[in-house]
J.: 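This is the structure I have questions about; it appears just below.
Remember, predicted model here, so these are calculated numbers, not experimental data. Sequential numbering from 1 along the given sequence is applied to the chain's residues.
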Amino acid sequence: MVDLRALEKDFDTVSAALKRRGVDEGLLERLKLLFEEMKEVRRRLEAAQAEQNAKSKLFGQYKREGKDLGELQKEVAENKVRIAALNEELRALEEKLFDLAAGIPNIPDPDVPDGTDEEDNVELKRVLEPPVFDFSPKEHWELAEQNGWIDFERGVKIAKSRFSALRFEGARLERALINYMLDFNRDRGFEEVYVPFLANAESLFGTGQLPKFADDLFKVEGEELYLIPTAEVPVTNLFRDEILPLEELPQRLTAYTPCFRKEAGSAGRDTRGMIRQHQFDKVELVCLTTPEESDKVFEEMVACASDLLTSLGLPHRHMLLCAGDMGFSAAKTIDLEVWLPGQNRYREISSISNTRDFQARRAKIRFKDENRKNRLVHTLNGSSLAVGRTLIAIMENYQQKDGSIAVPDALKPYL
């Protein structure tokens, strides 16, 4: 959640940054009016409380002087009712402010470029050269049919569109990739954790999926439980409502989970193949750290995911996302896009984000600094990697002229 104190204190500066994220000017104007209304109610409340204190002190004086207390008692009682009404009015305004603020995205870092969508993202660098074929490379769904690795029709029969089943070497390679990714991340200093694949509403609020993106979640009927859209949700929420000792930071965690998304708003996009599925495997990195170490940890996470792709021989590029293309909770995001020869283009395979204290404020995750003061941690998350898309990238980059698929050397011990 955005820092409401900072927003109230320096409204013009913060609102200008939020406009870069596409926040509606009308919403910002409503926030401004709410702040002004709350300020006026607080002023009246403080005046009423001061009056109450002053009149309460008069009882002793009136008794000593033998004055009638009736009128004073009446005034104090009436003022008490007024104070209660003002407190209730202030509470209602604060609740309204909280509800509005819950739907406002994070403030972008100053070095995040302006822009509205992926066309405005900035390429930072490329890693490895795309392979050159002496034949026309096929797309992954053609290779899947030829090798029997992915069964799209039976996946749809079992569930619905955007579901698929892996078979034979495809299923084995998916499992090998999960194990390889977890081992790679552990070797880079990330603790492996295993978490629930269901999360409650409080957890999803903490990481920013609720209330704004409820339509993209699969909800369990009759329960306040949802299938997780990413391991970021349960792993970050391991520490919800906690105050961590300074010596326990940074927390550097990695986890495998399946992920479930309705893909609301994606109708007509990537309808063929496994690029955009309702269920997909992912290995995630999550870090909690101090604000002072936040940028360093972000760079380490980007390097980890990029080096993992390099170890598999997969050409990719680093993209700095513009303000309008970042996820709701992100202050800064670097996407890694892998080369897909069949599509003759780069496609996202990892997204690493620094959310600063945005999620920590929502989830109430703090740490006790060297001065014993409670402060909000910074949370970071990123894919290392999206398993299904890595499988697709291997199929397309390692395809042979006869349609068979070679296996990266790094994965051979896992097969």
Side-chain angles (χ1 to χ4, degrees), residues 1-43 46 89-117 120-122 204-213 232 236 288-295 297-298 320-334 351-367 369 373-381:
M1 182 171 286
V2 291
D3 186 344
L4 291 175
R5 291 180 182 177
L7 182 58
E8 183 176 18
K9 185 178 179 181
D10 192 3
F11 187 87
D12 290 342
T13 301
V14 177
S15 62
L18 290 172
K19 286 176 186 176
R20 295 178 61 208
R21 294 295 309 267
V23 176
D24 180 63
E25 199 160 341
L27 174 59
L28 292 170
E29 189 60 35
R30 290 202 300 276
L31 282 171
K32 188 174 184 179
L33 291 172
L34 262 177
F35 281 130
E36 291 172 355
E37 195 173 349
M38 287 170 63
K39 186 176 180 180
E40 173 59 21
V41 172
R42 284 196 198 102
R43 185 194 65 75
E46 288 168 4
E89 186 177 352
L90 184 61
R91 186 202 61 76
L93 289 172
E94 288 173 342
E95 189 174 299
K96 191 175 180 181
L97 177 66
F98 183 89
D99 290 343
L100 278 178
I104 295 175
N106 202 354
I107 297 166
D109 280 0
D111 62 341
V112 169
D114 289 336
T116 55
D117 56 33
D120 299 313
N121 296 338
V122 177
L204 286 152
F205 178 85
T207 41
Q209 285 78 18
L210 287 179
K212 194 173 179 67
F213 303 103
E232 166 199 345
T236 304
L288 284 75
T289 188
T290 62
E292 292 75 17
E293 293 291 309
S294 185
D295 290 328
V297 171
F298 180 68
L320 177 62
L321 298 198
C322 69
D325 198 35
M326 291 194 300
F328 178 78
S329 297
K332 182 176 183 177
T333 298
I334 289 179
S351 191
I352 300 101
S353 297
N354 191 338
T355 76
R356 303 296 179 187
D357 60 9
F358 184 87
Q359 290 180 332
R361 185 173 290 106
R362 297 170 77 100
K364 298 180 177 64
I365 309 173
R366 294 165 290 171
F367 73 100
D369 69 12
K373 181 182 177 183
N374 291 338
R375 297 168 61 194
L376 293 169
V377 302
H378 277 197
T379 64
L380 305 91
N381 62 78

J.: Between F367 and L288, does the side-chain contact (heavy atoms from CB on, under 4.5 Å) criterion hold? Intermediate values first, please.
T.: CA-CA 10 Å; F367 73 100; L288 284 75; over 6 Å; no
J.: Nearest 0.5 Å, please: how far is CZ in R42 from CD in E89?
T.: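 Between E89 CD and R42 CZ, I get 12.0 Å after rounding to 0.5 Å.
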J.: Any non-hydrogen side-chain atom of N381 less than 4.5 Å from a side-chain atom of T355?
T.: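 Yes, at least one pair of side-chain atoms sits under 4.5 Å.
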J.: Take T289 and L380 through the test side-chain contact (heavy atoms from CB on, under 4.5 Å) and record every step on the way to the result.
T.: CA-CA 8 Å; T289 188; L380 305 91; 3.9 Å; yes
J.: So does R361 pair up with D357, basic N to acidic O under 4.0 Å?
T.: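 Counted as a salt bridge, because a side-chain N and a carboxylate O are separated by less than 4.0 Å.
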J.: Taking all heavy atoms of P291 and all of R375, pick out the closest pair and write down the distance.
T.: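 Taking every non-hydrogen atom into account, CG-NH2, 3.6 Å.
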J.: Nearest 0.5 Å, please: how far is CE in M1 from NZ in K364?
T.: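 Here the interatomic distance stands at 8.5 Å.
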J.: If you round to the nearest 0.5 Å, how far is CG of N374 from CZ of R366?
T.: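 Reported to 0.5 Å precision, the distance equals 5.5 Å.
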J.: Charged N to carboxylate O below 4.0 Å: is that the case for E37 and K96?
T.: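 Salt bridge: no.
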J.: When you look at D295 and K332, which way does the salt bridge (charged side-chain N to carboxylate O under 4.0 Å, His left out) test go after all the steps?
T.: CA-CA 10 Å; D295 290 328; K332 182 176 183 177; 6.0 Å; no
J.: F358 vs V2, test: side-chain contact (heavy atoms from CB on, under 4.5 Å). Steps then yes/no.
T.: CA-CA 6 Å; F358 184 87; V2 291; 4.2 Å; yes
J.: Can you confirm whether L93 sits close enough to L34 that some side-chain heavy atom of one is under 4.5 Å from a side-chain heavy atom of the other?
T.: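 Result yes, sub-4.5 Å side-chain heavy-atom pair found.
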J.: If you take all heavy atoms of F298 and I352, which pair is closest and at what distance?
T.: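 Minimum heavy-atom contact is CE1-O, 3.4 Å.
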J.: Could you check whether S294 and N354, counting side-chain N and O atoms only, form a donor-acceptor pair closer than 3.5 Å?
T.: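 The criterion, which ignores hydrogens and geometry beyond distance, is satisfied for S294 and N354.
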J.: Could I get the full list of ring-ring contact (aromatic ring centres under 6.0 Å, His included) partners for F205, not counting sequence neighbours?
T.: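 Result, ring-ring contact (aromatic ring centres under 6.0 Å, His included) vs F205: F98.
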J.: Please report the C-alpha distance between L320 and D111 in whole Å, then the side-chain angles of each, then the deciding distance to 0.1 Å, and finally whether the side-chain contact (heavy atoms from CB on, under 4.5 Å) criterion is met.
T.: CA-CA 10 Å; L320 177 62; D111 62 341; 5.5 Å; no
J.: Would you indicate whether the side-chain heavy atoms of F213 and L204 approach each other to under 4.5 Å?
T.: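 In short, these two side chains do not touch, never coming nearer than 4.5 Å.
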J.: I'd like to know if E36 pairs up with K32 as an ion pair, taking the criterion as any Lys NZ or Arg NE/NH1/NH2 lying under 4.0 Å from an Asp or Glu carboxylate oxygen.
T.: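 K32 and E36: not salt-bridged.
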J.: For the CG atom of L376 and the OG1 atom of T290, what is their distance to the nearest 0.5 Å?
T.: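 Rounded to the nearest 0.5 Å, the CG-OG1 separation comes out at 12.5 Å.
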J.: What's the separation between atom CD in E8 and atom CG in D10, rounded to the nearest 0.5 Å?
T.: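 Spacing of CD (E8) from CG (D10) equals 11.5 Å.
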J.: Which atom pair, heavy atoms only, marks the closest approach of F328 to I104?
T.: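 So the minimum-distance heavy-atom pair works out to CZ-O, 3.3 Å.
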J.: What is the minimum heavy-atom distance between V14 and A6, and which atoms define it?
T.: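 Shortest heavy-atom separation between V14 and A6 comes out as CG2-O, 3.8 Å.
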J.: Can you tell if the side chain of L31 reaches within under 4.5 Å of the side chain of F11, non-hydrogen atoms only?
T.: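 Sidechains of F11 and L31: in contact.
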J.: Enter the distance from L4:CG to M38:CE here, rounded to the nearest 0.5 Å.
T.: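 Here the interatomic distance stands at 8.0 Å.
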J.: Ignoring hydrogens and geometry beyond distance, is a side-chain donor-acceptor pair present between E232 and T207 at under 3.5 Å?
T.: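 Checked: E232/T207 side chains show no N/O donor-acceptor pair below 3.5 Å.
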J.: Treating D117 as the side-chain partner and D325 as the backbone partner, does any N or O pair qualify as donor plus acceptor under 3.5 Å?
T.: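 It does not hold such a pair.
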J.: Under 4.0 Å between a side-chain nitrogen and a carboxylate oxygen: does that hold for E40 and R43?
T.: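 Salt bridge between E40 and R43, a charged N being under 4.0 Å from a carboxylate O: yes.
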J.: Nearest heavy-atom pair of G206 and R362: which atoms, and what distance?
T.: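 Result for this residue pair: O-CB, 3.5 Å.
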J.: Got a list of side-chain donor-acceptor pairs under 3.5 Å for residues 18-28, not counting sequence neighbours?
T.:
residue	atom	partner	partner atom	Å
R20	NE	D114	OD1	2.5
R20	NH2	V112	O	2.1
R20	NH2	D114	OD1	3.2
R21	NE	A323	O	2.9
R21	NH1	N106	O	2.9
R21	NH1	A330	O	3.0
R21	NH2	M326	O	3.2
R21	NH2	G327	O	2.8
D24	OD2	G26	N	3.0
D24	OD2	L27	N	3.2

J.: Looking at every heavy atom in both T116 and C322, which two are closest together, and how far apart are they?
T.: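 Taking every non-hydrogen atom into account, N-SG, 3.8 Å.
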